[in-house]
There are 2 protein chains.
Amino acid sequence: MRTRGDVLELAILGQLQSAPMHGYELRKRLNATLGAFRALSYGSLYPCLKALVVGGWIEATDTADLPHALAGKRARIVYQLTAEGKERLARTLSEAEPAAWEDENFDVRFSLFADTDAETRLRILEGRRTRIVERREAMRRHAQLTRERRDHYTLELQRHGLEQIEREVHWLEDLITAERRPPHPASEAPDPPRTKEQA
Amino acid sequence: MRTRGDVLELAILGQLQSAPMHGYELRKRLNATLGAFRALSYGSLYPCLKALVVGGWIEATDTADLPHALAGKRARIVYQLTAEGKERLARTLSEAEPAAWEDENFDVRFSLFADTDAETRLRILEGRRTRIVERREAMRRHAQLTRERRDHYTLELQRHGLEQIEREVHWLEDLITAERRPPHPASEAPDPPRTKEQA
DNA sequence: TCTGCCATGTAAGCCGTTACATGATTTT
DNA sequence: AAAATCATGTAACGGCTTACATGGCAGA
């Protein structure tokens with residue numbers, strides 16, 4: 001069982017950046033950040049954590065091996081980034097590869113934008129937009145071609161799908177505009193795009 | 001390699017209902033009807049067709065075995081529904097099981113609404129709505145809880161996701177309303193209460 | 001001729017889930 | 001005392017894609 005999954009790895013490294021965590025907690029956070037519904041299972045998570053440890057990107061500490069404090073609490077395995085892990089995370093986050101704007105990866109990359117430099121953010125957003133616009137055009141073309149011989153429901157499905165995609169494009173365009181707007185980071189706005197404070 | 005996949009089977013049976021077809025054509029149609037992008041591969045399609053033949057739901061005819069006409073065209077395998085296949089399709093389409101409104105199945109079921117009776121349509125739409133509303137509530141609750149400690153981008157991702165889901169709910173509610181409107185199917189004149197015509 | 005689309009398939013592998021197994025801790 | 005939730009893991013399987021293998025037919 002390989003259980004690679006570039007995306008999951010990145011998501012985990014990204015979460016561990018803000019704080020060391022054990023698996024159970026990590027899962028809750030991940031499920032929370034990326035859609036409250038799509039449940040990531042332990043069957044994926046734990047093997048992936050193992051692989052990250054083997055790769056040297058994270059380090060596992062069993063709280064049972066720490067004799068000092070932590071009295072009443074049960075043993076848990078807390079994971080934290082190694083120096084290599086931090087470096088790798090930083091490198092990955094600075095790349096704007098085409099894969100970054102595919103469906104499977106985009107959300108994770110986007111959710112880590114606070115730790116991504118402005119140029120990479122912009123390039124990923126633009127790549128994503130191109131991708132989605134392509135999709136929209138394909139749908140429009142197809143809708144045009146088959147317009148006549150379709151029943152009401154198929155038509156409605158098509159219309160709704162197209163509408164959702166158009167919203168997506170709009171959303172991306174707003175984000176791109178916003179990214180381009182402030183070339184002078186320290187000027188106006190009562191609500192500056194403050195980089196997040198670590199808890 | 002099992003390659004079951006209830007959904008794919010249903011989609012195929014549904015397509016073959018309108019006309020016999022060979023695999024290649026079938027694939028194009030399926031990819032067209034359900035999202036112009038998500039490419040169904042031959043690696044799924046052909047094994048599934050085979051399984052349907054074995055199950056007795058469809059019948060395969062190699063055009064090479066028909067010596068009479070069809071001169072210049074190359075050999076193709078044309079599939080058509082058997083009597084059992086038609087019956088099974090009809091039975092499946094009349095059921096409004098919970099599975100029908102899950103993500104993986106809903107689109108296919110919906111795209112076959114033209115062959116589904118009104119009551120089943122309504123129940124599937126309502127089931128779907130309940131499901132999506134649940135999801136929306138989960139997101140709202142979660143957004144409320146974590147509102148403070150989130151960076152701009154995570155927040156934006158959340159906001160956009162919620163908006164898309166709200167649109168989905170709205171869409172479903174419109175559809176449900178439309179389904180409920182004509183309770184007396186054979187009463188009104190062709191003019192006054194006219195439901196909207198699609199362009 | 002050769003490029004590209006039509007047409008049918010198979011084998012391997014990927015990425016993930018479900019179901020199982022186990023047990024501690026907390027809440028009711 | 002029982003039930004819920006915390007916490008960690010493994011084995012099996014599921015459905016899909018990719019890549020491979022093969023070849024006919026059409027038009028540049």
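Residue numbers start from 1 in every chain, and the chains themselves are labelled A, B, ... in the order their sequence lines are given, proteins ahead of strands.
Between the OH atom of Y42(B) and the P atom of dG9(C) there is a distance of 12 Å, given to the nearest Å. Summarising the geometry, the separation between OH on Y46(B) and C1' on dT17(D) is reported as 16 Å, rounded to the nearest angstrom. Here the C1' atom of nucleotide dT8(D) and the CD atom of E25(A) are 15 Å apart, to the nearest Å. A straight line from CG of L8(A) to P of dC14(C) spans 15 Å, rounded to a whole angstrom. One atom, CE of M21(A), and another, P of dT8(D), lie 12 Å apart when rounded to the nearest Å. Atoms CG (L30(A)) and C1' (dG16(C)) sit 15 Å apart, rounded to a whole Å. With rounding to whole Å, I12(B) atom CD1 is found 13 Å from dC16(D) atom C1'. The nearest whole Å value for the distance from the CD atom in E9(A) to the P atom in dG16(C) is 10 Å.
In the set dG9(D), dT10(D), dC6(C), the nucleotide with an atom closest to the side chain of P47(A) is dT10(D). Distance from the side chain of L40(B) is smallest to dT17(D) among dG9(D), dT17(D), dC5(C). In the set dG9(D), dT17(C), dT8(C), dT17(C) carries the atom at the smallest distance from any side-chain atom of S41(A). You'll find that the side chain of R76(B) is closest to dA7(C), out of dA7(D), dA7(C), dT17(D).
R121(A) and Y153(B) share a side-chain donor-acceptor pair at under 3.5 Å. Looking only at atom types and distance, the side chain of T154(A) has no donor-acceptor partner in the side chain of R150(A) under 3.5 Å away.
In this model, the phosphate group of dT8(C) is not approached by any side-chain N or O of K50(B) to a distance below 4.0 Å at OP1 or OP2.
A salt bridge (Lys or Arg N to Asp or Glu O under 4.0 Å) with R180(A) is found for one member of E119(A), E173(A), E126(A) and no other, namely E126(A). Screening Q80(A), K86(A), E84(A) for a side chain to side chain donor-acceptor pair (under 3.5 Å) with T82(A), the sole residue that qualifies is E84(A).
Where the helix from dT1(C)-dA28(D) to dT28(C)-dA1(D) starts and where it ends, the local axes point in directions that differ by 30°; five pairs per end, rounded to 10°.
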All N/O pairs under 3.5 Å across the protein-nucleotides 22-24 of chain C interface:
from, atom 1, to, atom 2, distance (Å)
dG23(C), N2, R74(A), NH1, 2.5

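Each of Y79(B) and K28(B) has a nearest nucleotide on DNA chain C; the 5'-most of these lies closest to K28(B).
For the atom pair F110(A) CZ and L34(A) CG, the distance stands at 12.0 Å (nearest 0.5 Å).
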